[in-house]
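A short write-up of the structure that comes next.
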Amino acid sequence: MGGASRSALEREGRDEGGNGERDGLLRRLSSEEAAAEAEAGTRDAMAESDWDTVTVLRKKGPSAAQAKSKQAVLTAQRRGEDVETSKKWAAGQNKQHSITKNTAKLDRETEELHHDRVPLEVGKVIQQGRQGKGLTQKDLATKINEKPQVIADYESGRAIPNNQVLGKIERAIGLKLRGRDIGRPLEPGPKGK
């Protein structure tokens with residue numbers, strides 16, 4: 001029951017003239033309104049509550065210092081949990097520039113480990129073939145679908161040889177770049193399908 005029905009009952013009470021009767025009606029109305037509001041509040045609270053949401057309460061895990069302690073590591077190992085341990089190199093010491101036996105061993109190593117580069121001979125053949133066709137590095141790169149920097153690297157001997165790229169350059173300039181006959185004209189081979 002809303003405020004409109006209450007004012008109507010109050011008017012009826014005035015019209016009848018009985019104060020006691022009017023007070024009884026108001027008390028009864030107040031208790032009915034309170035019960036209705038309580039019931040509506042319960043319905044609203046249930047409508048607003050999300051039944052799919054689950055709240056999980058659990059204990060807070062160990063702090064970083066506690067997790068690193070020897071006791072915590074042993075406990076975790078007993079439980080069968082994965083434990084990762086690593087020792088820091090020269091931890092807590094000022095050994096940044098000291099020579100270790102590994103460094104000396106590396107210095108004694110005679111084998112040089114590096115990638116092979118394109119020979120300068122191949123770079124010169126590429127440059128001569130490109131200029132013979134009247135192409136710039138950019139034009140040749142566009143023709144073989146590579147970046148101009150790739151052509152510059154091959155011509156200067158900085159590039160790591162790639163047979164696909166070398167094959168494309170060979171076909172574009174018409175000169176052999178691989179094998180024994182570097183610099184000779186490319187013989188037209190059988191075309192694919």
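Heads up: numbering here begins at 1 and tracks the sequence.
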Self-check item: Chi angles and distances behind the side-chain contact (heavy atoms from CB on, under 4.5 Å) call for I144, I151
Solution: CA-CA 10 Å; I144 66 167; I151 302 300; 3.7 Å; yes

Quiz item: In the hydrophobic cluster built from side-chain contacts under 4.5 Å, what are the other members alongside L186?
Solution: none

Self-check item: P161 to L166 - nearest heavy-atom pair and separation
Solution: CB-CD1, 4.2 Å

Quiz item: Same hydrophobic cluster for I160 and I182, using side-chain heavy-atom links shorter than 4.5 Å among ILVMFWY?
Solution: no

What donor-acceptor contacts under 3.5 angstrom involve side-chain atoms of residues 118-132, with partners at least two apart or in another chain?
{"residue": "R130", "atom": "NE", "partner": "E155", "partner atom": "OE2", "Å": "2.6"}
{"residue": "R130", "atom": "NH1", "partner": "L135", "partner atom": "O", "Å": "3.1"}
{"residue": "R130", "atom": "NH2", "partner": "E155", "partner atom": "OE1", "Å": "3.2"}
{"residue": "R130", "atom": "NH2", "partner": "E155", "partner atom": "OE2", "Å": "3.3"}

Practice problem: Find out whether L177 and I169 are in side-chain contact, i.e. whether some heavy atom of one side chain is under 4.5 Å from a heavy atom of the other. | Solution: yes

Exercise. Could you list the residues that satisfy side-chain hydrogen bond (donor to acceptor under 3.5 Å, both in side chains) with T136, not counting sequence neighbours?
Key: D139

Practice problem: Go through the structure and list residues passing side-chain contact (heavy atoms from CB on, under 4.5 Å) with P148, not counting sequence neighbours. | Solution: K138, A141

Practice problem: Scan residues 156-166 for pairs that pass side chain to side chain donor-acceptor pair (under 3.5 Å), counting only residues two or more places apart or in two chains. | Solution: D153-R158, S156-R158

Quiz item: Does any pair with a residue in residues 167-184 pass salt bridge (Lys or Arg N to Asp or Glu O under 4.0 Å), and if so which ones, sequence neighbours excluded?
Solution: E146-K168, E170-R178, D181-R184

Practice problem: Indicate yes or no: at least one non-hydrogen side-chain atom of Q71 is less than 4.5 angstrom from one of L74. | Solution: no

